[in-house]
Novice: 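I have a structure I would like to understand better, so I am pasting it below and will then ask my questions one at a time.
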Number of protein chains: 2
Amino acid sequence: MIFDSTDKKLLAYLQQDSKQTNKELSNKLELSVTAVYERIKKLEKAGFIDGYIAIVNKEKIDRNFVVFCHIKLVKHSQDFVISFEKEVNKISEVLECYHVSGEYDYLLKVIVKDMAAFRTFMVERLTTINHIGSTQSMFVINEVKHDTAITL
Amino acid sequence: MIFDSTDKKLLAYLQQDSKQTNKELSNKLELSVTAVYERIKKLEKAGFIDGYIAIVNKEKIDRNFVVFCHIKLVKHSQDFVISFEKEVNKISEVLECYHVSGEYDYLLKVIVKDMAAFRTFMVERLTTINHIGSTQSMFVINEVKHDTAITL
DNA sequence: GTTGAAATCTTAACTCT
DNA sequence: AGAGTTAAGATTTCAAC
C-alpha cells in the first residue's frame, strides 16, 4: 500500500482531533471531500488506525492520582510470567503494564482517586497476585508532558 | 452539574469508541438520540471530555520501539526544573514526561523506530539538555496491557 | 427527555483525468 | 489508480413541546 506525505498529514490531524469533518480536513489538505474519505477508509483498512476514542479528564472523574509501580517477580519461569500477566490484565486500576529490561521486570501505570485508594489497591488488589517478589512505587508529582499523537 | 450513572456509561462508551453514532448510543443507553446528544454536549462543556482522537498503530508507522527513561537532575533549583521541563516538551520522541517521587526525578516515555534511532535520540536530543545528572533506560520488551479507557 | 424537521455530513456510484 | 462531481441516505443539531 502507498503511504505518502498526504496520508502522514492526515494521520497527524486525526491524532490531534478525530471529530474534524472530512470537509475541514479537505480544506487543510487541499483535496476533495471524497479523496479525504477514501484515504481515511484506506488507512483504517490497512490497520494504520486502531480506533477512535474520547479522552476523559482525569480530574473531573476523580482519578487524578497516578502512580508508576515497578514489579519484580520471585521467579521468571514461563508459568509465573503468564499467570502474572493474566492477573494484571484483570485489574482496572492498572491502565498500562510493560515487561521491561533492567532491575525490575514490569512497569505498571496505575490510576486511582487518591493515596487512600492507592493503599487499598496495593493491599487488596496488587499484592494479592501470586509470584510478586517486590514492588517499588513512584508517585506522579506533576504530569509535565502527555502527548497522545506520535509525530510522523 | 449532575453526573449520573447514565453519564458514566456514556463516558465509558465514548472512551471505547468515539465514532459510534448518537443513534447507536441511544439504543445502548435506552434514550432518545437528542438526549444522548445533549448529554455529550453537557459533558464536553463541563470539561469531562478533553477531546477525541484517532489511535494510530505504532507498528504500521514504524515507531514500535518504546523506552522508559529515568532522569536525575544535577540540582533541583526551580530554574533547573523549569528549564528541563521546557526542553523536554520540545522533543517529539518524548510522548510523556512525569515528575515523580523516588530515586529519580523524571520518568519519560520515548517512542522511536528502533535501537539505532534510540541511540540517536539519546546522544543528539536527550543528553544535550542541560542540568541532566544521570539517566537510566528501561526497554519495553512487551506491552502486556495498554488501556485507553479509565473504568468509571 | 421527547418528537420532528432543517442543516450538515457521510457514503457510494459515476465520471474524468 | 486516484481524485472530482453529484446525489441519496444518515447523522447531527436545534427548535418547540
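Each chain gets a letter, A, B and so on, in the order its sequence line appears, and its residues count up from 1. Any value given below was found using the heavy atoms of this structure, including those in side chains, with hydrogens, waters and symmetry copies removed.
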Novice: Which part of the nucleic acid does A/Ile2 contact within heavy-atom distance under 4.0 Å: base, sugar-phosphate only, or nothing?
Specialist: sugar-phosphate
Novice: Report yes if some heavy atom in the side chain of B/Leu126 is under 4.5 Å from a heavy atom in the side chain of B/Ile71; otherwise report no.
Specialist: yes
Novice: Verify whether one side chain among A/Gln20 and A/Lys28 offers a donor that lies under 3.5 Å from an acceptor in the other.
Specialist: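 There is such a pair (donor and acceptor under 3.5 Å, judged by atom type) between the side chains of A/Gln20 and A/Lys28.
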Novice: Can you list everything that forms a ring-ring contact (aromatic ring centres under 6.0 Å, His included) with B/Phe121? Sequence neighbours excluded, please.
Specialist: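 ring-ring contact (aromatic ring centres under 6.0 Å, His included) check on B/Phe121 returns B/Phe118.
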Novice: Looking at B/Phe65, I'd like to know if the NZ or CZ of B/Lys113 sits under 6.0 Å from its six-membered ring centre while staying within 45 degrees of the ring's axis.
Specialist: no
Novice: Could you tell me the separation between the CG atom of B/Leu29 and the P atom of C/dT2, rounded to a whole number of Å?
Specialist: 11 Å
Novice: Got a sec, which hydrophobics cluster with B/Val74, joining ILVMFWY side chains under 4.5 Å apart, including via others?
Specialist: B/Phe80
Novice: Can you measure from SG (B/Cys97) to NZ (B/Lys109) and round to the nearest 0.5 angstrom?
Specialist: 13.5 Å
Novice: What is the separation between atom CG on A/Leu25 and atom C1' on C/dT10, rounded to the nearest whole Å?
Specialist: 13 Å
Novice: What string of B, S and - do you get for nucleotides 12-17 of chain D 5' to 3' if you count protein non-hydrogen atoms under 4.0 Å?
Specialist: BBB---
Novice: Whole Å only: how far is the CD atom of A/Glu24 from the P atom of C/dT8?
Specialist: 13 Å
Novice: Throw together a table of side-chain donor-acceptor distances under 3.5 angstrom for residues 47-58 of chain B, partners on residues two or more places apart or in other chains.
Specialist:
from    : atom 1 : to       : atom 2 : distance (Å)
B/Asp50 : OD1    : A/Asn57  : ND2    : 3.2
B/Tyr52 : OH     : B/Glu44  : OE2    : 2.6
B/Asn57 : OD1    : B/Glu59  : N      : 3.0
B/Asn57 : OD1    : B/Lys60  : N      : 3.1
B/Asn57 : ND2    : A/Asp50  : OD1    : 3.2
B/Lys58 : NZ     : B/Glu143 : OE1    : 3.1

Novice: Would you indicate, yes or no, if D/dA3 has its OP1 or OP2 atom less than 4.0 angstrom from a side-chain nitrogen or oxygen of A/Arg39?
Specialist: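 For D/dA3, OP1 or OP2 has a side-chain N or O of A/Arg39 closer than 4.0 Å.
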Novice: Can you pull out the residues from residues 42-54 of chain B that lie within a 4.0 Å heavy-atom distance of DNA chain D?
Specialist: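 Nucleic-acid contacts, sorted: none.
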Novice: Round to a whole Å and report the spacing from CG of A/Leu14 to P of C/dT10.
Specialist: 11 Å
Novice: Using the ring-ring contact (aromatic ring centres under 6.0 Å, His included) criterion, which residues pair with B/His99? Sequence neighbours excluded.
Specialist: B/Tyr106
